[in-house]
There are 2 protein chains.
Amino acid sequence: MNAPAPPRFQPLYQQIREAILHALQAGEWPPGGLIPSETELAQRFGVSQGTVRKAVEVLTAEGLLVRRQGKGTYVVSHDESQAQFRFLRLRPDEGPAVQPVSRMIHCRRVRAPADVQRALSLQGSDTVLYIQRVLVFGEDPVILDDIWLAGEEFRRLTPQRLAHQSSRLYSMFETELGTKMLHARERIRAVAATAEQAGLLAIEPGQPLLLVERVTTTFHGRPVELRRGLCRTTHHHYANEL
Amino acid sequence: MNAPAPPRFQPLYQQIREAILHALQAGEWPPGGLIPSETELAQRFGVSQGTVRKAVEVLTAEGLLVRRQGKGTYVVSHDESQAQFRFLRLRPDEGPAVQPVSRMIHCRRVRAPADVQRALSLQGSDTVLYIQRVLVFGEDPVILDDIWLAGEEFRRLTPQRLAHQSSRLYSMFETELGTKMLHARERIRAVAATAEQAGLLAIEPGQPLLLVERVTTTFHGRPVELRRGLCRTTHHHYANEL
DNA sequence: GAGTGGTCTAGACCACCCT
DNA sequence: GGGTGGTCTAGACCACTCA
(Lines give C-alpha, C1' and ligand atoms only; values in the text may rest on other atoms or scores of the structure.)
Protein backbone atom coordinates (compact mmCIF):
# COMPACT_ATOMS: atom_id res chain seq x y z
CA MET A 1 0.00 0.00 0.00
CA ASN A 2 1.06 3.55 -0.63
CA ALA A 3 1.53 5.57 2.51
CA PRO A 4 -0.60 8.71 2.34
CA ALA A 5 1.28 12.01 2.10
CA PRO A 6 1.83 13.22 5.66
CA PRO A 7 -0.36 16.21 6.47
CA ARG A 8 1.41 19.46 7.36
CA PHE A 9 0.71 20.19 10.98
CA GLN A 10 1.10 23.65 12.39
CA PRO A 11 0.36 24.88 15.89
CA LEU A 12 -2.82 26.87 16.21
CA TYR A 13 -1.06 29.98 17.48
CA GLN A 14 1.22 29.94 14.42
CA GLN A 15 -1.84 29.87 12.18
CA ILE A 16 -3.33 32.76 14.15
CA ARG A 17 -0.03 34.61 13.75
CA GLU A 18 -0.27 34.09 9.99
CA ALA A 19 -3.85 35.30 9.95
CA ILE A 20 -2.96 38.47 11.83
CA LEU A 21 0.04 38.92 9.54
CA HIS A 22 -2.20 38.76 6.48
CA ALA A 23 -4.61 41.28 7.94
CA LEU A 24 -1.63 43.50 8.68
CA GLN A 25 -0.32 43.10 5.15
CA ALA A 26 -3.75 43.83 3.70
CA GLY A 27 -3.72 47.10 5.62
CA GLU A 28 -6.74 46.22 7.71
CA TRP A 29 -5.29 48.26 10.58
CA PRO A 30 -3.18 51.34 9.85
CA PRO A 31 0.42 51.73 11.08
CA GLY A 32 0.31 53.21 14.56
CA GLY A 33 -3.31 52.12 14.90
CA LEU A 34 -5.03 49.92 17.43
CA ILE A 35 -5.81 46.31 16.59
CA PRO A 36 -8.80 44.50 18.13
CA SER A 37 -8.50 43.28 21.71
CA GLU A 38 -7.42 39.76 22.53
CA THR A 39 -10.95 38.66 23.30
CA GLU A 40 -12.29 40.09 20.03
CA LEU A 41 -9.58 38.33 18.03
CA ALA A 42 -10.23 35.12 19.93
CA GLN A 43 -13.92 35.27 18.92
CA ARG A 44 -13.07 36.15 15.33
CA PHE A 45 -10.73 33.20 14.93
CA GLY A 46 -12.64 30.82 17.14
CA VAL A 47 -9.81 30.06 19.55
CA SER A 48 -9.19 30.83 23.19
CA GLN A 49 -7.84 34.16 24.34
CA GLY A 50 -4.63 32.51 25.52
CA THR A 51 -3.88 31.26 22.02
CA VAL A 52 -4.36 34.73 20.55
CA ARG A 53 -2.09 36.02 23.28
CA LYS A 54 0.66 33.61 22.23
CA ALA A 55 0.38 34.70 18.60
CA VAL A 56 0.48 38.37 19.57
CA GLU A 57 3.50 37.70 21.79
CA VAL A 58 5.35 36.28 18.81
CA LEU A 59 4.45 39.22 16.58
CA THR A 60 5.48 41.59 19.35
CA ALA A 61 8.84 39.83 19.65
CA GLU A 62 9.22 40.19 15.89
CA GLY A 63 8.74 43.92 16.22
CA LEU A 64 5.47 44.16 14.27
CA LEU A 65 3.19 44.98 17.16
CA VAL A 66 3.52 46.95 20.39
CA ARG A 67 1.44 46.23 23.46
CA ARG A 68 0.50 48.93 25.93
CA GLN A 69 -1.08 47.84 29.16
CA GLY A 70 -4.50 49.30 29.74
CA LYS A 71 -4.72 50.63 26.19
CA GLY A 72 -4.36 47.88 23.66
CA THR A 73 -2.10 46.45 20.97
CA TYR A 74 -0.80 48.76 18.26
CA VAL A 75 0.65 48.25 14.82
CA VAL A 76 4.23 49.47 15.01
CA SER A 77 5.07 52.61 13.08
CA HIS A 78 8.50 53.50 11.80
CA ASP A 79 7.95 57.00 13.08
CA GLU A 80 8.31 55.84 16.64
CA SER A 81 11.54 56.55 18.38
CA GLN A 82 11.66 52.89 19.24
CA ALA A 83 12.07 52.03 15.57
CA GLN A 84 13.82 55.24 14.61
CA PHE A 85 17.26 53.80 15.11
CA ARG A 86 16.63 50.24 14.05
CA PHE A 87 17.74 50.99 10.54
CA LEU A 88 20.11 53.86 11.28
CA ARG A 89 22.78 52.53 13.56
CA LEU A 90 25.28 55.36 13.21
CA ARG A 91 25.66 57.34 16.42
CA PRO A 92 27.86 60.27 17.37
CA ASP A 93 30.79 59.25 19.59
CA GLU A 94 29.71 61.84 22.13
CA GLY A 95 26.56 63.75 22.84
CA PRO A 96 22.98 62.94 21.96
CA ALA A 97 21.92 61.49 18.62
CA VAL A 98 21.10 64.12 16.03
CA GLN A 99 18.46 63.70 13.36
CA PRO A 100 20.26 63.85 10.03
CA VAL A 101 19.18 66.01 7.08
CA SER A 102 19.13 64.46 3.62
CA ARG A 103 20.64 66.14 0.58
CA MET A 104 19.42 64.51 -2.64
CA ILE A 105 21.96 64.05 -5.43
CA HIS A 106 20.24 61.70 -7.87
CA CYS A 107 16.76 60.25 -8.04
CA ARG A 108 15.59 58.45 -11.14
CA ARG A 109 14.15 55.22 -12.48
CA VAL A 110 16.78 52.97 -14.07
CA ARG A 111 17.29 49.42 -15.30
CA ALA A 112 18.96 47.55 -12.48
CA PRO A 113 22.68 46.85 -12.83
CA ALA A 114 23.65 43.18 -12.71
CA ASP A 115 24.77 43.15 -9.08
CA VAL A 116 21.60 44.93 -7.97
CA GLN A 117 19.51 42.45 -9.95
CA ARG A 118 21.20 39.60 -8.16
CA ALA A 119 20.74 41.11 -4.72
CA LEU A 120 17.05 41.84 -5.31
CA SER A 121 16.23 38.68 -7.34
CA LEU A 122 15.07 40.70 -10.35
CA GLN A 123 14.50 39.94 -14.02
CA GLY A 124 16.73 41.65 -16.53
CA SER A 125 13.95 43.88 -17.77
CA ASP A 126 12.85 45.17 -14.38
CA THR A 127 13.44 48.78 -13.53
CA VAL A 128 14.23 50.11 -10.09
CA LEU A 129 14.14 53.48 -8.42
CA TYR A 130 17.67 54.69 -7.83
CA ILE A 131 18.48 57.31 -5.23
CA GLN A 132 21.77 58.83 -4.27
CA ARG A 133 21.87 61.14 -1.30
CA VAL A 134 24.10 62.53 1.43
CA LEU A 135 23.03 62.50 5.05
CA VAL A 136 24.23 65.54 6.95
CA PHE A 137 24.55 65.49 10.74
CA GLY A 138 24.61 69.05 11.99
CA GLU A 139 27.21 70.65 9.73
CA ASP A 140 29.01 67.54 8.52
CA PRO A 141 28.20 65.25 5.61
CA VAL A 142 28.60 61.82 7.19
CA ILE A 143 26.83 59.24 5.04
CA LEU A 144 26.74 58.79 1.27
CA ASP A 145 23.85 56.48 0.36
CA ASP A 146 23.18 54.62 -2.88
CA ILE A 147 19.70 53.13 -2.75
CA TRP A 148 17.90 50.84 -5.17
CA LEU A 149 14.19 50.18 -4.61
CA ALA A 150 12.43 47.31 -6.35
CA GLY A 151 8.88 46.16 -6.72
CA GLU A 152 5.42 47.41 -7.46
CA GLU A 153 5.35 49.31 -4.20
CA PHE A 154 7.66 51.91 -5.67
CA ARG A 155 5.91 52.39 -8.98
CA ARG A 156 3.95 55.25 -7.48
CA LEU A 157 7.03 56.78 -5.94
CA THR A 158 8.26 59.44 -8.31
CA PRO A 159 11.36 61.59 -8.07
CA GLN A 160 9.15 64.62 -7.62
CA ARG A 161 7.40 63.21 -4.61
CA LEU A 162 10.69 62.34 -3.03
CA ALA A 163 12.39 65.64 -3.59
CA HIS A 164 11.17 67.56 -0.59
CA GLN A 165 10.70 65.07 2.19
CA SER A 166 13.53 62.68 1.64
CA SER A 167 15.10 63.01 5.06
CA ARG A 168 12.76 60.43 6.48
CA LEU A 169 12.63 57.94 3.67
CA TYR A 170 11.47 54.96 5.68
CA SER A 171 8.73 56.83 7.40
CA MET A 172 7.47 57.98 4.03
CA PHE A 173 7.74 54.57 2.40
CA GLU A 174 5.39 53.37 5.02
CA THR A 175 2.86 56.14 5.24
CA GLU A 176 2.76 56.72 1.49
CA LEU A 177 2.98 53.17 0.28
CA GLY A 178 2.04 50.93 3.15
CA THR A 179 5.20 48.95 2.67
CA LYS A 180 6.58 47.14 5.64
CA MET A 181 10.30 46.83 5.94
CA LEU A 182 10.63 43.78 8.10
CA HIS A 183 14.12 42.42 8.02
CA ALA A 184 17.54 43.53 6.90
CA ARG A 185 20.83 41.75 6.34
CA GLU A 186 23.96 43.85 6.40
CA ARG A 187 27.54 43.34 5.29
CA ILE A 188 30.01 45.78 6.72
CA ARG A 189 33.55 46.49 5.59
CA ALA A 190 36.19 49.20 5.50
CA VAL A 191 37.10 50.77 2.17
CA ALA A 192 39.15 53.70 0.87
CA ALA A 193 37.26 56.70 -0.47
CA THR A 194 37.36 57.29 -4.22
CA ALA A 195 37.90 60.81 -5.49
CA GLU A 196 34.19 61.21 -6.25
CA GLN A 197 33.09 59.87 -2.88
CA ALA A 198 35.65 62.03 -1.10
CA GLY A 199 34.28 65.08 -2.85
CA LEU A 200 30.73 64.40 -1.75
CA LEU A 201 31.77 63.76 1.84
CA ALA A 202 34.29 66.62 2.05
CA ILE A 203 37.27 64.42 2.90
CA GLU A 204 40.53 63.41 1.23
CA PRO A 205 40.57 60.57 -1.31
CA GLY A 206 41.89 57.34 0.17
CA GLN A 207 40.55 58.04 3.65
CA PRO A 208 38.95 54.97 5.29
CA LEU A 209 35.16 54.77 5.12
CA LEU A 210 32.70 52.30 6.58
CA LEU A 211 30.76 50.54 3.82
CA VAL A 212 27.38 49.20 4.95
CA GLU A 213 25.64 47.04 2.34
CA ARG A 214 22.08 46.22 3.24
CA VAL A 215 19.32 44.14 1.69
CA THR A 216 15.91 44.84 3.22
CA THR A 217 13.09 42.33 2.86
CA THR A 218 9.36 42.59 3.35
CA PHE A 219 6.63 40.22 4.46
CA HIS A 220 7.51 36.88 2.98
CA GLY A 221 11.23 37.40 2.61
CA ARG A 222 10.87 39.29 -0.66
CA PRO A 223 13.80 41.71 -1.08
CA VAL A 224 12.72 45.27 -1.85
CA GLU A 225 15.73 47.44 -1.13
CA LEU A 226 19.47 47.38 -1.70
CA ARG A 227 21.42 50.12 -0.01
CA ARG A 228 25.09 50.93 0.04
CA GLY A 229 25.99 53.44 2.71
CA LEU A 230 29.46 54.96 2.96
CA CYS A 231 30.08 56.46 6.37
CA ARG A 232 32.72 58.76 7.77
CA THR A 233 33.52 57.34 11.19
CA THR A 234 35.85 59.97 12.56
CA HIS A 235 33.23 61.30 14.97
CA HIS A 236 30.55 58.66 14.60
CA HIS A 237 30.40 54.90 15.01
CA TYR A 238 28.15 52.04 14.04
CA ALA A 239 26.52 50.68 17.20
CA ASN A 240 25.65 47.04 17.69
CA GLU A 241 24.50 44.82 20.54
CA LEU A 242 25.07 41.10 20.72
CA MET B 1 0.61 61.03 58.03
CA ASN B 2 3.63 59.64 56.30
CA ALA B 3 2.79 57.43 53.41
CA PRO B 4 4.54 54.07 53.74
CA ALA B 5 7.28 53.37 51.24
CA PRO B 6 5.68 51.57 48.30
CA PRO B 7 6.67 47.90 48.19
CA ARG B 8 8.59 46.74 45.14
CA PHE B 9 6.40 44.34 43.25
CA GLN B 10 7.84 41.86 40.81
CA PRO B 11 6.02 39.19 38.83
CA LEU B 12 6.45 35.68 40.14
CA TYR B 13 7.99 34.41 36.93
CA GLN B 14 10.62 37.16 37.09
CA GLN B 15 11.55 36.04 40.59
CA ILE B 16 11.75 32.44 39.38
CA ARG B 17 13.96 33.63 36.52
CA GLU B 18 16.26 35.29 39.06
CA ALA B 19 16.34 32.15 41.16
CA ILE B 20 17.29 30.00 38.19
CA LEU B 21 19.86 32.62 37.19
CA HIS B 22 21.48 32.44 40.60
CA ALA B 23 21.61 28.66 40.48
CA LEU B 24 23.18 28.97 37.04
CA GLN B 25 25.70 31.49 38.30
CA ALA B 26 26.52 29.29 41.30
CA GLY B 27 27.35 26.51 38.87
CA GLU B 28 24.64 24.22 40.15
CA TRP B 29 24.24 22.78 36.67
CA PRO B 30 27.27 22.53 34.35
CA PRO B 31 27.38 24.19 30.91
CA GLY B 32 25.87 21.82 28.42
CA GLY B 33 24.13 19.95 31.24
CA LEU B 34 20.50 19.19 31.88
CA ILE B 35 18.53 21.27 34.37
CA PRO B 36 15.60 19.80 36.33
CA SER B 37 12.28 19.36 34.55
CA GLU B 38 9.57 21.99 34.69
CA THR B 39 7.55 20.02 37.21
CA GLU B 40 10.57 19.53 39.47
CA LEU B 41 11.41 23.22 39.39
CA ALA B 42 7.77 24.06 40.04
CA GLN B 43 7.81 21.91 43.18
CA ARG B 44 11.15 23.33 44.31
CA PHE B 45 9.95 26.91 44.03
CA GLY B 46 6.39 26.29 45.07
CA VAL B 47 4.73 27.70 41.94
CA SER B 48 2.77 26.19 39.10
CA GLN B 49 4.45 24.53 36.16
CA GLY B 50 3.20 27.26 33.84
CA THR B 51 5.01 29.92 35.81
CA VAL B 52 8.28 28.00 35.63
CA ARG B 53 7.67 27.63 31.92
CA LYS B 54 7.37 31.40 31.51
CA ALA B 55 10.65 31.96 33.38
CA VAL B 56 12.42 29.32 31.30
CA GLU B 57 11.01 30.87 28.13
CA VAL B 58 12.58 34.19 29.09
CA LEU B 59 15.94 32.61 29.86
CA THR B 60 15.75 30.70 26.58
CA ALA B 61 15.07 33.93 24.70
CA GLU B 62 18.07 35.46 26.47
CA GLY B 63 20.22 32.66 25.14
CA LEU B 64 21.11 31.08 28.49
CA LEU B 65 19.09 27.89 28.13
CA VAL B 66 18.17 25.61 25.25
CA ARG B 67 15.05 23.46 25.24
CA ARG B 68 14.90 20.15 23.43
CA GLN B 69 11.53 18.50 23.12
CA GLY B 70 11.36 15.08 24.66
CA LYS B 71 14.76 15.47 26.35
CA GLY B 72 14.81 18.46 28.62
CA THR B 73 16.26 21.93 29.12
CA TYR B 74 20.01 22.42 28.84
CA VAL B 75 22.45 25.06 29.99
CA VAL B 76 23.87 26.61 26.85
CA SER B 77 27.53 26.05 26.09
CA HIS B 78 29.68 28.31 24.02
CA ASP B 79 31.03 25.26 22.28
CA GLU B 80 27.80 24.79 20.43
CA SER B 81 27.70 25.81 16.82
CA GLN B 82 24.64 27.88 17.71
CA ALA B 83 26.80 30.16 19.84
CA GLN B 84 29.98 29.73 17.82
CA PHE B 85 29.35 32.76 15.65
CA ARG B 86 27.60 34.99 18.12
CA PHE B 87 30.81 36.70 19.04
CA LEU B 88 32.69 36.25 15.78
CA ARG B 89 30.73 37.99 13.08
CA LEU B 90 33.39 38.09 10.38
CA ARG B 91 32.54 35.83 7.44
CA PRO B 92 34.28 35.15 4.17
CA ASP B 93 32.61 36.88 1.21
CA GLU B 94 32.34 33.54 -0.54
CA GLY B 95 32.50 29.95 0.50
CA PRO B 96 31.88 28.35 3.88
CA ALA B 97 33.05 29.87 7.16
CA VAL B 98 36.51 28.72 8.19
CA GLN B 99 37.59 28.27 11.79
CA PRO B 100 40.42 30.74 12.39
CA VAL B 101 43.75 29.86 13.98
CA SER B 102 45.12 32.16 16.67
CA ARG B 103 48.73 33.36 16.71
CA MET B 104 49.65 34.84 20.09
CA ILE B 105 51.80 37.96 20.10
CA HIS B 106 51.58 39.22 23.68
CA CYS B 107 50.04 37.81 26.82
CA ARG B 108 50.79 39.37 30.18
CA ARG B 109 49.26 40.94 33.25
CA VAL B 110 49.39 44.74 33.21
CA ARG B 111 47.96 47.77 34.97
CA ALA B 112 45.01 48.92 32.92
CA PRO B 113 45.50 52.03 30.77
CA ALA B 114 43.13 54.89 31.48
CA ASP B 115 40.74 54.21 28.59
CA VAL B 116 40.55 50.51 29.48
CA GLN B 117 39.89 51.42 33.11
CA ARG B 118 36.99 53.59 32.02
CA ALA B 119 35.50 50.98 29.75
CA LEU B 120 35.69 48.25 32.40
CA SER B 121 34.81 50.47 35.41
CA LEU B 122 38.10 49.64 37.17
CA GLN B 123 40.06 51.22 40.00
CA GLY B 124 43.45 52.69 39.17
CA SER B 125 45.29 49.94 40.96
CA ASP B 126 43.54 47.02 39.29
CA THR B 127 45.51 44.84 36.92
CA VAL B 128 44.12 43.18 33.84
CA LEU B 129 45.21 40.35 31.61
CA TYR B 130 46.32 41.77 28.28
CA ILE B 131 46.40 39.67 25.15
CA GLN B 132 47.39 40.57 21.65
CA ARG B 133 46.89 38.03 18.91
CA VAL B 134 46.34 37.61 15.21
CA LEU B 135 43.55 35.43 13.86
CA VAL B 136 44.52 33.62 10.68
CA PHE B 137 41.86 32.37 8.29
CA GLY B 138 43.40 29.71 6.07
CA GLU B 139 46.59 31.40 4.91
CA ASP B 140 45.71 35.02 5.58
CA PRO B 141 46.07 37.04 8.78
CA VAL B 142 42.68 38.79 8.95
CA ILE B 143 42.10 40.04 12.50
CA LEU B 144 44.44 41.76 14.94
CA ASP B 145 42.95 41.59 18.42
CA ASP B 146 43.84 43.57 21.53
CA ILE B 147 42.05 42.07 24.51
CA TRP B 148 41.86 43.23 28.12
CA LEU B 149 40.28 40.91 30.68
CA ALA B 150 39.23 42.17 34.10
CA GLY B 151 38.05 40.63 37.29
CA GLU B 152 38.73 37.80 39.67
CA GLU B 153 37.69 35.29 37.05
CA PHE B 154 40.92 35.83 35.20
CA ARG B 155 43.26 35.67 38.17
CA ARG B 156 43.75 31.99 37.54
CA LEU B 157 44.27 32.50 33.84
CA THR B 158 48.01 32.65 33.26
CA PRO B 159 49.90 33.33 30.06
CA GLN B 160 51.20 29.77 30.16
CA ARG B 161 47.75 28.26 30.23
CA LEU B 162 46.66 30.40 27.33
CA ALA B 163 49.64 29.73 25.11
CA HIS B 164 48.57 26.53 23.47
CA GLN B 165 44.80 26.63 23.20
CA SER B 166 44.11 30.24 22.50
CA SER B 167 42.20 29.74 19.28
CA ARG B 168 39.01 29.13 21.18
CA LEU B 169 39.29 31.73 23.89
CA TYR B 170 35.63 31.97 24.78
CA SER B 171 35.11 28.27 25.01
CA MET B 172 38.05 28.07 27.37
CA PHE B 173 36.99 31.01 29.49
CA GLU B 174 33.85 29.11 30.17
CA THR B 175 35.10 25.60 30.75
CA GLU B 176 38.13 26.72 32.73
CA LEU B 177 36.65 29.55 34.70
CA GLY B 178 32.91 29.15 34.65
CA THR B 179 32.55 32.68 33.39
CA LYS B 180 29.48 33.52 31.41
CA MET B 181 29.78 36.07 28.69
CA LEU B 182 26.24 37.31 28.41
CA HIS B 183 26.06 40.55 26.50
CA ALA B 184 28.30 42.64 24.29
CA ARG B 185 28.13 46.19 23.00
CA GLU B 186 30.13 47.01 19.90
CA ARG B 187 31.27 50.19 18.23
CA ILE B 188 32.41 49.80 14.66
CA ARG B 189 34.41 52.24 12.55
CA ALA B 190 36.81 52.39 9.63
CA VAL B 191 40.42 53.37 10.30
CA ALA B 192 43.71 53.47 8.44
CA ALA B 193 46.34 50.88 9.36
CA THR B 194 49.41 52.10 11.23
CA ALA B 195 52.81 50.79 10.18
CA GLU B 196 52.89 48.35 13.08
CA GLN B 197 49.37 47.07 12.44
CA ALA B 198 50.08 46.75 8.73
CA GLY B 199 53.14 44.66 9.48
CA LEU B 200 51.17 42.22 11.63
CA LEU B 201 48.41 41.89 9.05
CA ALA B 202 50.70 41.76 6.01
CA ILE B 203 49.22 44.79 4.29
CA GLU B 204 50.34 48.29 3.34
CA PRO B 205 50.23 51.07 5.94
CA GLY B 206 47.25 53.38 5.46
CA GLN B 207 45.01 50.63 4.08
CA PRO B 208 41.44 50.78 5.48
CA LEU B 209 40.65 48.41 8.35
CA LEU B 210 37.46 47.67 10.23
CA LEU B 211 37.83 48.53 13.92
CA VAL B 212 35.44 46.63 16.18
CA GLU B 213 35.49 47.80 19.79
CA ARG B 214 33.60 45.53 22.12
CA VAL B 215 32.73 45.57 25.81
CA THR B 216 31.46 42.22 27.07
CA THR B 217 29.46 41.99 30.28
CA THR B 218 28.56 39.11 32.55
CA PHE B 219 25.65 38.27 34.81
CA HIS B 220 24.60 41.54 36.38
CA GLY B 221 25.92 43.86 33.72
CA ARG B 222 29.45 43.78 35.11
CA PRO B 223 31.97 44.45 32.30
CA VAL B 224 34.72 41.84 32.10
CA GLU B 225 36.27 42.24 28.67
CA LEU B 226 37.36 45.04 26.37
CA ARG B 227 38.41 43.99 22.91
CA ARG B 228 39.65 45.98 19.95
CA GLY B 229 39.65 43.96 16.76
CA LEU B 230 41.18 45.28 13.56
CA CYS B 231 39.91 43.42 10.54
CA ARG B 232 41.02 43.23 6.93
CA THR B 233 37.81 43.28 4.95
CA THR B 234 39.07 42.70 1.46
CA HIS B 235 37.76 39.13 1.35
CA HIS B 236 35.69 39.08 4.53
CA HIS B 237 32.82 41.13 5.90
CA TYR B 238 31.12 41.74 9.21
CA ALA B 239 27.64 40.21 9.04
CA ASN B 240 24.66 41.66 10.85
CA GLU B 241 20.91 41.10 10.88
CA LEU B 242 18.36 43.70 11.86
C1' DG C 1 -16.33 51.69 36.37
C1' DA C 2 -15.45 49.49 32.16
C1' DG C 3 -12.02 47.82 29.14
C1' DT C 4 -7.38 46.60 28.18
C1' DG C 5 -3.25 43.84 28.63
C1' DG C 6 -0.29 41.17 32.47
C1' DT C 7 0.07 37.35 35.53
C1' DC C 8 -1.02 32.88 37.51
C1' DT C 9 -3.15 28.50 37.94
C1' DA C 10 -4.82 23.70 36.91
C1' DG C 11 -5.63 20.42 33.86
C1' DA C 12 -5.77 18.27 29.37
C1' DC C 13 -3.78 16.32 25.28
C1' DC C 14 0.04 16.04 21.83
C1' DA C 15 4.74 15.04 19.83
C1' DC C 16 9.17 13.66 20.73
C1' DC C 17 12.84 10.75 22.87
C1' DC C 18 14.63 7.03 25.33
C1' DT C 19 14.78 2.26 26.91
C1' DG D 1 5.63 3.01 28.57
C1' DG D 2 7.10 6.75 31.01
C1' DG D 3 9.31 11.12 30.88
C1' DT D 4 10.14 15.46 28.62
C1' DG D 5 8.79 19.79 26.53
C1' DG D 6 4.87 21.94 23.29
C1' DT D 7 0.21 23.42 22.77
C1' DC D 8 -4.40 24.72 24.20
C1' DT D 9 -8.08 25.90 27.18
C1' DA D 10 -10.87 28.22 30.88
C1' DG D 11 -11.07 30.99 34.50
C1' DA D 12 -9.32 34.00 38.04
C1' DC D 13 -7.28 38.19 39.73
C1' DC D 14 -4.20 42.32 39.11
C1' DA D 15 -2.46 46.89 37.16
C1' DC D 16 -3.04 50.37 34.02
C1' DT D 17 -5.78 53.86 31.26
C1' DC D 18 -9.45 56.67 30.19
C1' DA D 19 -13.83 58.72 30.47
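With salt bridges taken as basic N to acidic carboxylate O contacts below 4.0 Å, none links A:Glu213 and A:Arg187.
Looking at heavy-atom distances under 4.0 Å, B:Glu38 makes contact with sugar-phosphate atoms alone, never a base.
Spacing between atom OH of A:Tyr74 and atom C1' of C:dT4 amounts to 9 Å, rounded to whole angstrom units. Distance, A:Arg67 CZ to D:dC16 P: 16 Å, rounded to whole Å. Atom CD in B:Glu57 sits about 12 Å away from atom P in D:dG5, given to the nearest Å. What separates NZ of A:Lys54 from P of D:dT9 is a distance of 12 Å, to the nearest Å. The nearest whole Å value for the distance from the CD1 atom in B:Ile16 to the P atom in C:dC8 is 9 Å. Per the geometry, CZ belonging to B:Arg68 stands 17 Å off C1' belonging to D:dG3, to the nearest Å. Distance, B:Gln69 CD to C:dC14 P: 14 Å, rounded to whole Å. One interatomic measurement links the two molecules: CD of A:Gln43 to P of C:dG3, which rounds to 13 Å at whole-angstrom precision.
Picking from C:dG6, C:dC8, C:dC16 the nucleotide with the shortest atom distance to the side chain of B:Leu12 gives C:dC8. Side chain of A:Pro11, nearest nucleotide from D:dC8, C:dG5, C:dT9: D:dC8. Checking D:dT17, D:dT9, C:dT7 against every side-chain atom of A:Lys71, the shortest atom distance belongs to D:dT17. Here D:dC8 is the nucleotide among D:dC8, C:dT9, D:dA15 with the atom lying nearest to any side-chain atom of A:Tyr13. Nearest nucleotide to the A:Thr51 side chain, out of D:dC8, C:dT4, D:dG6: D:dC8. Taking the side chain of B:Ser48 as heavy atoms from C-beta on, and the options C:dA10, C:dG5, D:dG5, the nearest nucleotide is C:dA10.
In summary, the side chains of A:His237 and A:Asp93 do present a donor paired with an acceptor at a separation below 3.5 Å, with no hydrogens or angles considered. No side-chain N or O of A:Tyr13 forms a donor-acceptor pair with one of A:Glu18 less than 3.5 Å apart.
Between B:Ser37 and the phosphate of D:dT4, there is a side-chain N or O to OP1/OP2 separation shorter than 4.0 Å. Between C:dG5 and A:Thr73, a contact under 4.0 Å exists linking OP1 or OP2 to a side-chain N or O.
Heavy-atom contacts from other residues, nucleotides or ligands closer than 6.0 Å to CD of A:Gln43 number 12 or fewer.
Mapped onto DNA chain D by nearest heavy atom, B:Gly72 and A:Gly50 fall at different nucleotides, with B:Gly72 at the one closer to the 5' end.
Using a 4.5 Å heavy-atom threshold, the side chains of B:Trp148 and B:Arg228 count as touching.
For D:dG6, its base sits under 3.5 Å from the side chain of B:Arg53 at one donor and acceptor pair at least.
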